[in-house]
Amino acid sequence: MPEGHTIHRLAKDLNKTLKPGPLTASSPQGRFAEGAELLDGRELNKATAWGKHLFLDIDGAPPVHIHLGLIGKFRRKKLDAPIRGAIRLRLEGPERLWDLTGPMVCDVVDGDDVDRITSELGPDPLRADGDPDEFARRLGRRRIAIAAALLDQKVIAGVGNVYRSEFCFLMGIRPDLPANQVPHDVVSEMWDLSVAQLTQGVRLNRITTRDPAEVGVAAGRISGDDRLYVYKRDGRPCHRCGDEIRLLEIGQRKAWFCPSCQT
DNA sequence: ATAATATGGTGAT
DNA sequence: TCACCCTATTATC
């Protein structure tokens with residue numbers, strides 16, 4: 001489930017449920033045992049998200065860098081939840097605990113590492129310092145397909161495979177259009193779109209790109225196949241025009257689009 | 001029981 | 001371009 005919205009929502013929820021008070025940290029699976037030991041009994045200062053990266057600032061301990069990758073999950077559970085599955089890190093707070101499974105990265109790092117990792121990222125539409133002009137500059141330099149550029153975390157941090165197809169649909173451009181040929185006004189709108197969409201993603205804790213008014217329901221009440229316009233909908237009719245959604249392979253990942261709505 | 005898949009990313013070839 | 005890493009869930013035999 002992890003695109004940028006997931007990580008920013010996680011940071012918020014961790015800050016809300018793991019403070020105040022000392023944490024109990026453990027690595028039931030064992031692969032983060034040494035790291036967990038450094039965190040155990042200490043207090044969370046702040047969890048922070050940068051794109052798809054999550055950093056834990058824990059008082060008196062080195063920074064923890066977490067990246068969920070494709071399959072990682074950080075699940076909130078009740079305090080009496082049994083140990084099930086390969087739990088890399090369990091953090092127990094005053095009222096809730098969190099179990100981390102399958103992360104691509106879960107490491108103890110240092111401040112320089114944090115700076116290096118974050119400085120290599122493009123602007124993050126969910127951060128106050130996310131700069132639309134920087135996005136336009138980085139996008140305009142690329143000749144690769146726009147859908148490939150949107151996945152590049154140096155171009156824009158936090159966008160993943162669902163958002164990239166949905167953004168191209170919403171902007172009415174084909175995913176294989178070279179990034180440097182995207183008109184300036186579209187680039188500018190695309191940034192605003194990413195801010196609005198990822199912000200909504202954080203609020204709903206899931207990706208819902210469709211306009212509820214178009215579906216005919218109240219905001220946040222969209223369900224099932226109605227949430228997205230094109231993602232994973234190849235062979236099915238476009239929600240807007242009824243034409244058949246198509247599938248392309250762009251940048252070693254699948255990208256979906258409507259041949260009529262995106263020209 | 002085994003395979004395929006998943007909203008991600010790296011490093012070798 | 002490919003192999004690979006991490007894990008859970010669903011699909012197929």
Side-chain angles (χ1 to χ4, degrees), chain A residues 1-11 27-33 35-36 49-55 64-77 81-90 98-107 109 113 116-118 120-122 124-126 144-145 147-170 175 193-194 197-210 222 224-235 245 247-257:
Chain A
M1 320 233 323
E3 295 193 24
H5 69 296
T6 303
I7 312 308
H8 282 263
R9 173 62 180 257
L10 253 178
S27 180
Q29 172 210 47
R31 294 183 55 172
F32 190 60
W50 289 78
K52 299 172 188 170
H53 297 259
L54 177 68
F55 297 95
V64 179
H65 174 217
I66 292 169
H67 192 301
L68 295 181
L70 184 59
I71 60 176
K73 295 205 168 28
F74 213 164
R75 297 179 172 96
R76 178 170 56 187
K77 299 178 181 173
I83 303 287
R84 274 184 47 199
I87 301 170
R88 184 82 58 91
L89 171 63
R90 168 170 278 197
W98 290 80
D99 280 341
L100 174 66
T101 61
M104 186 175 76
V105 175
C106 176
D107 287 331
V109 296
D113 293 323
R116 181 176 42 75
I117 293 162
T118 57
E120 283 173 4
L121 293 172
D124 178 345
L126 286 175
I144 57 175
L150 289 174
L151 271 193
D152 185 341
Q153 301 299 297
K154 295 183 168 113
V155 171
I156 182 169
V159 171
N161 207 30
V162 177
Y163 280 128
R164 74 157 176 173
S165 283
E166 296 295 310
F167 288 179
C168 289
F169 175 87
L170 287 164
L193 180 69
S194 71
Q197 285 290 340
L198 287 254
T199 299
Q200 165 150 287
V202 171
R203 186 158 49 81
L204 302 177
N205 207 8
R206 84 186 306 162
I207 302 176
T208 304
T209 53
R210 285 191 76 197
I222 304 182
D225 185 47
D226 289 338
R227 286 197 183 92
L228 306 172
Y229 284 102
V230 293
Y231 177 76
K232 253 187 192 171
R233 296 195 69 247
D234 49 306
I245 301 300
L247 172 62
L248 282 177
E249 195 88 14
I250 298 178
Q252 285 108 284
R253 308 283 304 274
K254 291 171 178 173
W256 291 263
F257 73 105

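Not measured: the values here are computed from a predicted model. Below, read A as the first sequence line, B as the second, and so on, with proteins coming before strands; counting in each chain starts at 1.
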Novice: Judged by atom type as modelled, is there a donor-acceptor pair below 3.5 Å linking the side chain of E3(A) to the main-chain atoms of K52(A)?
Specialist: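 No; zero donor-acceptor contacts below 3.5 Å.
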
Novice: Is the backbone N or O of V109(A) less than 3.5 Å from a side-chain atom of D107(A), with the two atoms forming a donor-acceptor pair by type?
Specialist: no

Novice: Excluding sequence neighbours, so at least two apart, what forms side-chain hydrogen bond (donor to acceptor under 3.5 Å, both in side chains) with D113(A)?
Specialist: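 Listed in chain order: R116(A).
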
Novice: Can you tell me, in whole Å, how much space there is between the P of dC4(C) and that of dA4(B)?
Specialist: 15 Å

Novice: Would a distance-only check, ignoring hydrogens and angles, find a side-chain to backbone donor-acceptor pair under 3.5 Å from R9(A) to R203(A)?
Specialist: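 At least one qualifying donor-acceptor pair exists.
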
Novice: Holding to side-chain hydrogen bond (donor to acceptor under 3.5 Å, both in side chains), I want the full list of residues that pass it with W50(A), two or more places apart in sequence or in another chain.
Specialist: none

Novice: Which residues pass the ring-ring contact (aromatic ring centres under 6.0 Å, His included) test with Y229(A), not counting sequence neighbours?
Specialist: F169(A)

Novice: Separation of L10(A) atom CG from dT7(B) atom P, in whole Å?
Specialist: 18 Å

Novice: Distances for protein N/O vs nucleotides 11-13 of chain B N/O pairs under 3.5 angstrom?
Specialist:
none

Novice: Indicate whether OP1 or OP2 belonging to dT7(C) is found under 4.0 Å from a side-chain N or O atom of K73(A).
Specialist: no

Novice: Would you mind classifying the nucleic acid contact of G102(A) as base, sugar-phosphate or nothing, using non-hydrogen atoms under 4.0 angstrom?
Specialist: base

Novice: Taking only residues two or more places apart in sequence, or in another chain, which ones meet D99(A) in a salt bridge (Lys or Arg N to Asp or Glu O under 4.0 Å)?
Specialist: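 Once residues adjacent in sequence are excluded, the partners of D99(A) under the salt bridge (Lys or Arg N to Asp or Glu O under 4.0 Å) criterion are K77(A), R90(A).
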
Novice: Provide, to the nearest angstrom, the distance between the CG atom belonging to L151(A) and the C1' atom belonging to dT10(B).
Specialist: 15 Å

Novice: As a quick check of understanding, evaluate side-chain contact (heavy atoms from CB on, under 4.5 Å) for Y163(A) and H5(A), giving each step before the final call.
Specialist: CA-CA 10 Å; Y163(A) 280 128; H5(A) 69 296; 3.6 Å; yes

Novice: How far does the P atom of dG9(B) sit from the matching atom of dT9(C), given to the nearest Å?
Specialist: 22 Å

Novice: Expressed in angstrom and rounded to an integer, what is the separation of D107(A) atom CG from dC5(C) atom P?
Specialist: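 About 17 Å, once rounded to whole Å.
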
Novice: CD1 of I117(A) versus C1' of dG9(B): gap in Å, rounded?
Specialist: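 That distance rounds to 13 Å.
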
Novice: What is the distance, to the nearest angstrom, from the CZ atom on R84(A) to the P atom on dT9(C)?
Specialist: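 From R84(A) CZ to dT9(C) P: 7 Å.
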
Novice: Are I207(A) and L228(A) packed together at the side-chain level, in the sense that at least one heavy-atom pair is separated by less than 4.5 angstrom?
Specialist: yes

Novice: State whether Q29(A) places a side-chain N or O below 4.0 Å from either non-bridging phosphate oxygen (OP1 or OP2) of dT7(C).
Specialist: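 For dT7(C), OP1 or OP2 has a side-chain N or O of Q29(A) closer than 4.0 Å.
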
Novice: From CG of D152(A) over to P of dG8(B), roughly how many Å is that when rounded to an integer?
Specialist: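 So the CG-P distance, D152(A) to dG8(B), works out to 13 Å.
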
Novice: Nucleotides 1-6 of chain B: which of its N/O atoms have a protein N/O under 3.5 Å away?
Specialist:
from: dA6(B); atom 1: O3'; to: Y231(A); atom 2: OH; distance (Å): 3.3

Novice: For dT7(C), does either OP1 or OP2 sit under 4.0 Å from a side-chain N or O belonging to R31(A)?
Specialist: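 Yes.
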
Novice: Once you round it to whole Å, what is the distance between P of dG9(B) and CE of M104(A)?
Specialist: 6 Å

Novice: Expressed in angstrom and rounded to an integer, what is the separation of H67(A) atom NE2 from dT7(C) atom P?
Specialist: 16 Å

